[in-house]
*Asks:* 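This is the structure I have questions about; it appears just below.
Naming: A, B, ... by sequence-line order, numbering from 1 per chain. Computed from a prediction, not measured in an experiment: that's the story for all the values here.
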Protein chains: 2
Amino acid sequence: MLDVAATASVSVATVSAVVNGTAPVSPELRGRIEDAIAAIGYKRNAIARSLKTGATKTIGLVIADITNPFFTDVVAVIQDVLHRAGYAMMLCCTDEDPEQQEEQISLLLDRMVDGLIIAPAGDDHALERVLKRAGIPTVLIDRINHGIAADAVVLDNQRAVLDAIDYLVGLGHLRIGYISGSHDTSTGLGRLAGYRGALENAGIPYDDALVRIGNFREKDAYHAAMQLLVMPDRPSAIFSANNLMVIGVMKAIRDMGLRCPDDISVSSFDDFPWADVFQPSLTTIAQPVQAIGEHAAQLILERLATRMDRPPRQIVLSGRLMIRSSCRPFYGADRSTVA
Amino acid sequence: MLDVAATASVSVATVSAVVNGTAPVSPELRGRIEDAIAAIGYKRNAIARSLKTGATKTIGLVIADITNPFFTDVVAVIQDVLHRAGYAMMLCCTDEDPEQQEEQISLLLDRMVDGLIIAPAGDDHALERVLKRAGIPTVLIDRINHGIAADAVVLDNQRAVLDAIDYLVGLGHLRIGYISGSHDTSTGLGRLAGYRGALENAGIPYDDALVRIGNFREKDAYHAAMQLLVMPDRPSAIFSANNLMVIGVMKAIRDMGLRCPDDISVSSFDDFPWADVFQPSLTTIAQPVQAIGEHAAQLILERLATRMDRPPRQIVLSGRLMIRSSCRPFYGADRSTVA
DNA sequence: AAAGCTAATCTAAACGTTTCAATTTTGTCA
DNA sequence: TGACAAAATTGAAACGTTTAGATTAGCTTT
């Protein structure tokens with residue numbers, strides 16, 4: 001910039017003025033400066049700028065697992081609207097581990113991101129503490145964390161699962177296995193609550209033996225499903241609390257020599273783009289990923305634009321049950337064992 | 001840092017020395033400084049540091065589509081090893097559009113990333129120019145761009161597709177449809193070359209009508225596949241040049257009221273984690289995503305560490321044909337139309 | 001005890017911007 | 001023409017680090 005100023009024989013202040021359009025400058029100087037910029041090939045140094053202005057025009061995104069299509073769908077739309085607003089995005093994955101999460105957030109904070117969008121892992125008070133100290137706009141997505149007063153966009157998980165289980169009950173299923181997510185996430189808990197609620201509504205007693213924790217991971221879910229499948233009176237249907245886990249469930253079913261939906265019905269949270277071209281065609285709960293991403297990005301941009309602190313806003317969206325062919329009516333134990 | 005220096009009554013230089021461990025400092029001062037740091041809750045400002053040192057400890061990652069499982073798998077491992085080395089990652093998507101690509105790279109360059117990992121879109125000379133001017137370590141992944149002399153890690157696409165088509169030919173298929181990726185990417189071209197090579201080896205004449213461009217996108221591939229399926233003498237097998245497109249192909253097959261593999265065989269580039277639990281169980285070419293990610297990260301880290309400019313290194317890995325059940329032997333037109 | 005070393009510490013100048021306050025230029029009006 | 005206001009331009013001080021090079025302190029050596 002000094003070079004530009006020199007070649008155009010003006011002061012750096014004037015160059016800055018034309019580069020940023022922050023002050024009026026005569027057409028003549030503007031011309032000289034623009035020529036100089038073109039001649040030198042000058043590009044403003046965003047680091048120096050950030051140091052002075054205190055804003056990096058970058059926001060940090062912390063999710064559990066970039067390999068999970070749900071997250072990537074959401075990330076894609078967030079990235080899109082953020083980029084349109086001139087913001088870059090730094091992406092970190094926690095692998096569902098609160099320790100890694102703290103480390104990653106620290107990495108982002110070091111680099112002075114202007115804001116944070118987080119799908120929190122775990123529910124201890126560490127995150128709360130870290131965020132309070134960071135003091136930058138934060139929006140929680142997918143999950144909310146106890147005690148953190150921040151903008152958030154989440155799903156009505158309980159309602160969504162309740163509908164899905166309701167559907168299974170309506171099909172005649174009484175023993176419904178449930179592969180649960182981590183119980184220290186709001187999603188894990190909310191979805192489980194939906195399961196319990198649906199059973200209660202239907203007057204079916206809750207059986208602890210039917211719910212197994214899969215930690216939102218395929219591998220854990222595989223073992224969890226196995227435990228369900230070897231039971232003498234195995235469930236006639238299994239619901240999986242997310243997309244990764246349902247793959248594990250399907251593998252367990254295959255490895256036990258069973259077939260879906262003939263021998264056992266399966267349903268899960270999160271939809272797949274390929275769900276209706278492969279068999280069994282899974283009945284799932286589709287999340288409005290587009291809306292989630294847009295709202296999240298919008299919320300943070302809003303906070304960033306107006307530093308006013310209106311009370312945190314929490315946006316709750318609804319899932320949609322996509323009924324396909326992975327669930328069959330169930331008429332009782334005798335027929336089911338024959339299949 | 002001045003605050004810390006003040007409370008410990010030492011100079012900022014000494015504080016810097018203990019924070020970075022760059023110079024010996026007596027145990028006494030070190031103690032005082034560490035106490036002061038703890039008391040104040042001081043955290044070093046990475047922006048200021050970057051301004052001075054010229055390094056941001058951040059590398060930019062530019063891919064076509066974060067929604068594509070192949071890319072996310074690779075990104076996940078890159079992120080992992082980069083993070084282990086103290087680097088953060090800024091992620092951008094080009095949506096296969098060279099213009100967006102230029103914009104995104106500019107965004108990253110503005111923020112002074114130390115290095116770039118790119119899966120290039122298009123093959124004009126714009127990218128070459130931009131990278132030359134940027135003058136930072138760059139490694140190309142998945143695709144290489146004509147004229148760019150940079151480290152790269154790619155697949156032997158030609159060989160991989162050749163094997164897959166070979167397999168189809170071995171099954172008796174003579175009319176094999178091919179849904180191609182963009183012809184201005186090295187992957188699109190390389191894979192197509194594999195197709196042609198296999199036909200040539202088998203003495204099957206190349207028929208232009210059987211190859212349709214799907215641009216690596218599901219939607220485009222759907223229409224491309226449709227064109228193939230409405231042909232009076234439609235192909236008995238279709239190969240799709242990537243994962244996104246094969247979904248489009250399957251949808252087209254379904255919408256035409258056909259079944260795979262009964263009416264038509266299907267195979268594609270890129271594997272799916274769920275491929276062997278859903279029907280049809282796709283025969284695919286699995287890419288070594290772990291190795292791709294590790295090599296890419298390693299290459300850039302190496303360049304970053306030793307500024308020496310050894311000639312660009314190009315790592316070529318091999319795909320693996322995963323034979324499943326989406327391809328059937330083909331005995332001739334008469335049997336195939338009956339199915 | 002003075003000189004000469006070494007090790008520890010400090011001073012101050014960068015890095016490339018932004019921005020406030022001060023200065024110069026231009027224009028208007030009496 | 002001079003006075004004054006408005007507009008355009010500039011000087012210089014930040015922002016929070018790092019890092020030469022200067023300085024000081026603490027030893028040894030003769």
*Asks:* Tell me the interatomic distance from N20(A), atom CG, to dT19(C), atom P, rounded to whole angstroms.
*Replies:* 8 Å
*Asks:* Testing T138(B), I118(B), L127(B) one by one against V62(B) for a side-chain contact (heavy atoms from CB on, under 4.5 Å), which residue passes?
*Replies:* I118(B)
*Asks:* Assess whether a salt bridge exists between D35(B) and R30(B), defined as any Lys/Arg side-chain N lying under 4.0 Å from an Asp/Glu carboxylate O.
*Replies:* no
*Asks:* Can you check the E28(A) CD to dT26(C) P distance for me, whole Å?
*Replies:* 10 Å
*Asks:* Categorize T14(A) for me: base, sugar-phosphate, or nothing, with a 4.0 angstrom heavy-atom threshold over every strand shown.
*Replies:* base
*Asks:* With a 4.0 Å cut-off on heavy atoms, is S16(A) in touch with a base, just the backbone sugar-phosphate, or nothing at all?
*Replies:* base
*Asks:* Consider the side chain of V12(A), meaning its heavy atoms from C-beta on, and name the nucleotide among dG16(C), dT18(C), dG16(D) that approaches it most closely.
*Replies:* dT18(C)
*Asks:* What is the distance from CD1 of I47(A) to P of dT18(C), rounded to the nearest Å?
*Replies:* 13 Å
*Asks:* Roughly, in whole Å, what's the span from CZ in R30(A) to C1' in dA8(D)?
*Replies:* 12 Å
*Asks:* To the nearest Å, how far apart are L2(B) CG and dC10(C) P?
*Replies:* 14 Å
*Asks:* With respect to the side chain of T53(B), which nucleotide from dT18(C), dG16(C), dT18(D) is positioned closest?
*Replies:* dT18(D)
*Asks:* In terms of the nearest nucleotide of DNA chain D, which residue is placed more toward the 5' end: M1(B) or V10(A)?
*Replies:* V10(A)
*Asks:* Considering only NZ, NE, NH1 and NH2 on the basic side and carboxylate oxygens on the acidic side, decide whether R310(B) and D151(B) come within less than 4.0 Å.
*Replies:* yes
*Asks:* Ignoring backbone atoms, establish whether T22(B) has a side-chain N or O less than 4.0 Å from OP1 or OP2 of dT18(D).
*Replies:* no
*Asks:* Among side-chain atoms of Q298(B) and H295(B), is any donor-acceptor pair under 3.5 angstrom?
*Replies:* no
*Asks:* Pick the nucleotide of DNA chain C nearest each of K52(B) and S9(B); which residue has the one closer to the 5' end?
*Replies:* S9(B)
*Asks:* Which whole-number value in Å describes the distance from R49(B) CZ to dA14(C) C1'?
*Replies:* 16 Å
*Asks:* Taking 4.0 angstrom as the limit, do D110(A) and R44(B) come out as a salt bridge?
*Replies:* no
*Asks:* dC15(C) phosphate, OP1 or OP2: any side-chain N/O from N45(A) under 4.0 angstrom?
*Replies:* no
*Asks:* Heavy atoms from C-beta onward define the side chain here; which of dC15(C), dT9(C), dA8(D) lies closest to that of P24(A)?
*Replies:* dA8(D)
*Asks:* When you measure from the side chain of L29(B), which nucleotide among dA8(D), dC15(D), dT9(C) comes out closest?
*Replies:* dT9(C)
*Asks:* Picking from dT9(D), dT18(D), dG16(C), which would you name as closest to the side chain of R44(B)?
*Replies:* dT18(D)
*Asks:* Among dT9(C), dT17(C), dT10(D), which is the nearest nucleotide to the side chain of A13(A)?
*Replies:* dT10(D)
*Asks:* Counting side-chain heavy atoms from CB outward, which of dT10(D), dT17(C), dC10(C) is closest to S11(B)?
*Replies:* dC10(C)
*Asks:* Side chain of L51(A): nearest nucleotide among dC15(D), dT9(C), dT19(C)?
*Replies:* dC15(D)
*Asks:* Considering only dT9(D), dG16(C), dT17(D), which nucleotide approaches the side chain of Y42(B) most closely?
*Replies:* dT17(D)
*Asks:* With distance as the sole test, does Q104(A) use its side chain to make a donor-acceptor pair with the main-chain N or O of C92(A) at under 3.5 Å?
*Replies:* no
